[in-house]
Protein chains: 2
Amino acid sequence: MTTDRIVAAALDELDDSGLDALTMRRVATRLGVQLNTVYWHATGKPALLDLMADALLTGCDRPPLPPAWPDRLRVIATRLHDALLSRRDGARLLEVAHPDGPRWHSLIESLAGAATTAGLDRTGAATAARLVVHAVTGMVRDHGLGRTTVDDVRLTFALDVLVDGIAARVPASAAQRADDDLARRLRPPPPATRRPRGSGRPPPPARPATED
Amino acid sequence: MTTDRIVAAALDELDDSGLDALTMRRVATRLGVQLNTVYWHATGKPALLDLMADALLTGCDRPPLPPAWPDRLRVIATRLHDALLSRRDGARLLEVAHPDGPRWHSLIESLAGAATTAGLDRTGAATAARLVVHAVTGMVRDHGLGRTTVDDVRLTFALDVLVDGIAARVPASAAQRADDDLARRLRPPPPATRRPRGSGRPPPPARPATED
DNA sequence: ACCTGAACACCGTTCAAGT
DNA sequence: ACCTGAACACCGTTCAAGT
């Protein structure tokens with residue numbers, strides 16, 4: 001028996017029964033094991049919920065991410081959105097848990113990294129990262145049931161507000177610097193072809209960047 | 001015995017014991033009443049939590065509100081922030097409940113009203129209102145303990161992001177119209193002395209567009 | 001170290017009466 | 001209508017052993 005197997009069983013039980021009916025005993029039963037085996041690998045129910053929440057966040061910031069910060073932020077947030085919808089009561093789970101595992105920290109750091117690229121300072125970037133998580137989690141919880149087209153519209157709108165809001169909080173000098181950094185990284189030799197910051201709305205991931 | 005007295009006792013018990021230790025039996029004991037008296041006035045624990053959450057929201061949008069939408073939004077959000085901090089586990093309570101009472105709807109409508117004044121359409125304003133609630137609730141829960149100066153800085157920053165983000169989502173024509181409405185309402189007779197919208201916080205709402 | 005068995009001190013909810 | 005008393009079917013957690 002491993003902690004991972006217990007967390008996996010707990011997530012399956014969550015899918016079947018929902019958060020309110022999730023019980024240490026039911027997790028044990030599902031594994032054909034005694035109650036205290038669960039307690040041996042997970043310290044208690046709160047700890048198990050934390051492990052479950054962290055597991056839910058797997059891969060939200062997996063590597064091939066767009067270089068432009070608005071796109072990067074949008075991709076990570078959308079993956080978080082999908083992850084929370086992938087299990088029953090996923091958003092409630094994240095709210096009820098105090099995730100402190102590697103996936104949680106990785107997610108927060110990736111979002112804060114995007115905000116830093118935008119030109120925010122350390123504190124602002126940390127706050128912005130939390131803001132994105134709260135917005136996505138709250139929206140998924142509000143909506144309750146399965147993903148609909150309407151939900152996508154609302155997610156897109158919320159991310160637009162956040163991206164534009166972050167961009168507006170960046171001092172012009174910092175934004176300038178961030179642009180220059182990005183331009184330099186994208187095409188090394190040519191000197192000064194600056195483009196408008198933050199790649200506009202409608203949709204597309206928009207930055208081939210890695211192409212050509 | 002009234003439902004209100006039970007809700008008040010439940011909130012006091014919340015303050016004393018925290019959300020995890022909040023029990024129907026403890027509420028009954030605190031009132032010197034039998035367990036089923038609580039069940040008579042509140043349908044069950046989830047319903048009681050909903051009533052508690054709604055009661056917590058009292059007065060967040062009480063009437064004298066600034067006419068400029070950024071100020072109005074900031075005042076309401078700050079009051080929500082204070083309300084959630086006024087009771088132990090206030091933010092967790094709001095997350096765990098499905099508030100559906102008059103105060104909840106009033107709060108959402110007031111926030112949506114501010115977003116509408118800004119120039120957003122019905123759907124956008126509803127989403128923006130939810131966004132503000134999620135941001136404030138999440139921040140208070142993250143911070144956990146009592147209000148510090150640091151917390152105020154983070155709240156201000158988050159509201160700046162949201163206000164600027166909302167302003168940026170408004171089509172120029174709608175913003176124009178909102179500005180005209182506000183100017184007309186503030187001083188009836190004179191025709192066209194348009195001023196920068198929003199009397200915004202230290203850093204103004206940033207919208208170029210309205211500037212000639 | 002890892003797991004079993006049994007128990008403790010609670011829960012939320014409900015049923016059957018009382019007045 | 002409003003409240004009491006008693007019970008049911010669970011909980012999370014822990015203790016004492018086993019191997």
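A note on names: the letters A, B, ... follow the listed sequences, proteins ahead of strands, and every chain is numbered from 1.
Every residue was checked against the side chain to side chain donor-acceptor pair (under 3.5 Å) condition with A/Asp4, not counting sequence neighbours, and none meets it. Residues passing the salt bridge (charged side-chain N to carboxylate O under 4.0 Å, His left out) test with B/Asp121, sequence neighbours excluded: none. Residues passing the salt bridge (charged side-chain N to carboxylate O under 4.0 Å, His left out) test with B/Asp61: none are found, sequence neighbours excluded. Residues meeting the salt bridge (charged side-chain N to carboxylate O under 4.0 Å, His left out) test with B/Asp100, sequence neighbours left out: none. Listed by chain and residue number, nothing satisfies the salt bridge (charged side-chain N to carboxylate O under 4.0 Å, His left out) test with A/Arg79 (two or more places apart in sequence, or in another chain). Judged as a side chain to side chain donor-acceptor pair (under 3.5 Å), and not counting sequence neighbours, the contacts of A/Ser17 are A/Glu13, A/Arg26.
Put simply, the side chain of A/Thr116 gets close to the backbone of A/Ala112: a donor and an acceptor are under 3.5 Å apart. Distance alone, capped at 3.5 Å, places no donor-acceptor pair between the B/His143 side chain and the B/Met139 backbone.
Rounded to the nearest Å, the gap between the P atom of D/dC2 and that of C/dA17 is 22 Å.
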Would you be so kind as to tabulate the donor-acceptor pairs closer than 3.5 Å made by side chains of residues 33-49 of chain B, with sequence neighbours excluded?
from, atom 1, to, atom 2, distance (Å)
B/Thr37, OG1, B/Gln34, O, 3.3
B/His41, ND1, B/Thr37, O, 3.2
B/His41, NE2, B/Met1, O, 3.2
B/Lys45, NZ, B/Leu22, O, 3.0

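Against DNA chain D, the stretch residues 21-31 of chain A makes heavy-atom approaches under 4.0 Å through A/Leu22, A/Thr23, A/Met24, A/Arg25. Near-neighbour residues of DNA chain D inside residues 9-16 of chain A, defined by a heavy atom below 4.0 Å, are absent. Residues from residues 34-42 of chain A lying near DNA chain D, meaning a heavy-atom separation below 4.0 Å, are A/Leu35, A/Asn36, A/Tyr39 in numerical order.
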For DNA chain C, the dot-bracket pattern of Watson-Crick and G-U pairs whose distances stay under 3.5 Å, | for other-strand partners: ||.|||||...|||||.||
Side chain to side chain contact (heavy atoms under 4.5 Å, CB included) between B/Leu51 and B/Ile6, worked out: CA-CA 10 Å; B/Leu51 292 174; B/Ile6 288 178; over 6 Å; no
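Two residues are said to be in side-chain contact when any heavy atoms from C-beta on lie closer than 4.5 Å; A/Trp69 and A/Ile166 meet this criterion.
Atom OG1 in A/Thr127 sits 12.0 Å away from atom CZ in A/Arg122 (nearest 0.5 Å).
Under the 4.0 Å criterion applied to side-chain N and carboxylate O atoms, B/Asp12 and B/Arg87 are assigned as salt-bridge partners. The existence of a salt bridge linking B/Arg88 and B/Asp15 is excluded, since no basic side-chain nitrogen approaches an acidic carboxylate oxygen closer than 4.0 Å. Looking at B/Asp20 and B/Arg92, a side-chain N of the basic residue comes within less than 4.0 Å of a carboxylate O on the acidic one, giving a salt bridge.
Using a 4.0 Å cutoff to heavy atoms of chain A, the contacted part of DNA chain D runs 5' to 3' from D/dC11 to D/dC15.
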